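Have a look at the structure below before the remarks.
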Amino acid sequence: MKLTNNRYYLDLNATSPLADSVKEYLARGEFVFANPSSGHSEGKIAKRLIMDTSDYLYGLFNFSETDFKLFYHSGATEAINSIAKGFAFAHDMGNFFYFGTDHSAVRNQKEQLEKLNCLVHELPVNPDGSFDEALIIEKINGQSGPKLVNFTWVNNETGAVHLLESIFRVKEATGAIIHVDAVQSVGKIADWEKLHSGLDAYTYSGHKFGTLKNVGFTFMREGLPIQSMIKGGGQQSGLRSGTENAMGVATLMLALIELKETFNPEELLKAKSAFEAKLVDALKDKGEVVAYTNANRGLNTLNFILYDTKSQTLATALDLGGIDISTGSACASGTVTPSPVLMSMGYSEQLSKSAIRLSFHYQFNLSQVDEYWNAFSRILTRFLQF
Ligand code: PLP
């Protein structure tokens with residue numbers, strides 16, 4: 001995506017620019033301010049925005065209101081914390097399972113969950129980011145008591161996809177409650193709106209597909225033994241108290257309508273594959289694409305390792321060259337720490353410090369590949385000369 005300041009923004013998995021429909025909505029200046037719980041006319045306008053969005057979301061994802069409750073929140077970090085801790089609160093000695101490739105909003109709860117008397121288990125992934133169904137079932141069935149498993153549908157760092165059909169087979173074989181982190185599915189796989197109604201909860205975050213920040217939603221099966229962690233005025237049927245962000249919620253519908261109308265998965269796949277082929281050709285034996293052999297990868301994510309080069313070094317050069325990308329490794333006080341996601345896939349510490357993630361906008365298309373590649377390879381080439 002080329003920004004108005006002429007920079008190339010290849011970091012869609014971190015966050016998305018505002019959708020055009022959202023910008024137009026804001027520019028119109030119809031600022032809805034009232035509290036949706038207020039009984040007066042202004043309050044009803046705010047309430048209507050939320051109800052219209054909810055109707056749209058139930059229709060889009062083909063879920064029934066009797067089977068699934070829908071609630072809005074400030075984004076996936078809040079929702080994932082709320083669900084995991086809400087499960088721990090509701091059960092003494094429950095089991096929470098997650099993968100080492102899951103987002104830090106999942107992984108970093110371990111200590112707190114353990115303080116809530118919850119047993120926390122990390123499940124293994126294959127080197128290409130997929131999971132071994134039989135092994136996962138065995139690990140989950142090896143524990144007794146109530147169980148909650150987090151699956152990331154589309155991985156934010158590698159693009160590896162965990163298929164919903166396969167996740168459902170894990171559910172059938174274990175009886176565990178399944179939460180799907182669906183944050184990176186929208187506009188990044190072909191069938192992003194085809195949910196599996198046999199799974200128990202799905203979480204989304206609007207800023208990944210063009211809304212204002214700090215608004216997201218979760219579908220949760222009716223009657224799940226998970227307590228709400230956000231207590232207060234009992235809004236949203238007590239699932240998440242607090243005054244709703246009606247305007248933010250309205251931008252969810254606007255951005256999704258726009259995406260549904262304009263997203264062309266085949267075109268995105270062609271463009272990403274063409275870019276990837278050029279990259280593989282340029283890297284030769286000096287690097288590799290992460291999860292390259294995985295048959296189930298998202299359409300927009302390209303994570304690669306450049307051997308012997310710290311990702312921060314290449315990231316800085318790309319930044320100076322006008323290209324925004326991301327590294328999975330964190331840099332604190334001059335020390336680069338390796339990407340925990342790549343480490344859990346079996347990459348060495350050194351290689352896990354050398355990965356660069358490119359993530360393309362859902363409207364990336366073949367006509368842009370050469371321009372993007374030329375801008376990108378001008379900088380990459382400097383690192384391939386040694
Ligand atoms: N889960 C995944 C897979 C993500 O990519 C992200 C954001 O990067 C999150 C959760 C957290 O989302 P939010 O920024 O809405 O808190």
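Source: prediction; values computed, not measured. For ligands, and for the atoms within them, numbers begin at 1 and follow the listed sequence.
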Exercise. Would you mind listing every salt bridge (charged side-chain N to carboxylate O under 4.0 Å, His left out) that reaches into residues 62-88, with sequence neighbours excluded?
Key: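 For residues 62-88, and leaving out neighbouring residues, the salt bridge (charged side-chain N to carboxylate O under 4.0 Å, His left out) pairs sorted by first residue read K69-E222, E78-R240.
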Practice problem: Go through Y202 and F61 one step at a time and tell me if the ring pair (Phe, Tyr, Trp, His ring centres under 6.0 Å) criterion holds. | Solution: CA-CA 11 Å; Y202 291 85; F61 291 105; 8.0 Å; no
Quiz item: Is N62 atom CG crowded by more than 12 heavy atoms from other residues, nucleotides or ligands, each under 6.0 Å away?
Solution: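 At most 12 heavy atoms, drawn from other residues, nucleotides or ligands, come within 6.0 Å of this atom.
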Quiz item: In this structure, are over 12 heavy atoms from other groups packed under 6.0 Å from E172 atom CD?
Solution: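 Above 12, so yes.
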Could you list each N/O atom of ligand 1 together with any protein N/O atom closer than 3.5 Å, one pair per line with the distance?
residue  : atom   : partner : partner atom : Å
ligand 1 : 1 (N)  : D181    : OD1          : 3.4
ligand 1 : 1 (N)  : D181    : OD2          : 2.6
ligand 1 : 5 (O)  : Q184    : NE2          : 2.7
ligand 1 : 8 (O)  : H103    : NE2          : 3.2
ligand 1 : 8 (O)  : K208    : NZ           : 2.6
ligand 1 : 14 (O) : H207    : NE2          : 2.9
ligand 1 : 15 (O) : A76     : N            : 3.0
ligand 1 : 15 (O) : S205    : OG           : 2.5
ligand 1 : 16 (O) : T77     : N            : 2.9
ligand 1 : 16 (O) : T77     : OG1          : 2.5

Quiz item: Pairs in or reaching into residues 277-307: which pass ring pair (Phe, Tyr, Trp, His ring centres under 6.0 Å), with residues at least two apart or in two chains?
Solution: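 Ring pair (Phe, Tyr, Trp, His ring centres under 6.0 Å) check on residues 277-307 returns no pairs.
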Practice problem: Would you mind listing every side chain to side chain donor-acceptor pair (under 3.5 Å) that reaches into residues 137-147, with sequence neighbours excluded? | Solution: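 Residue pairs with at least one partner in residues 137-147: there are none.
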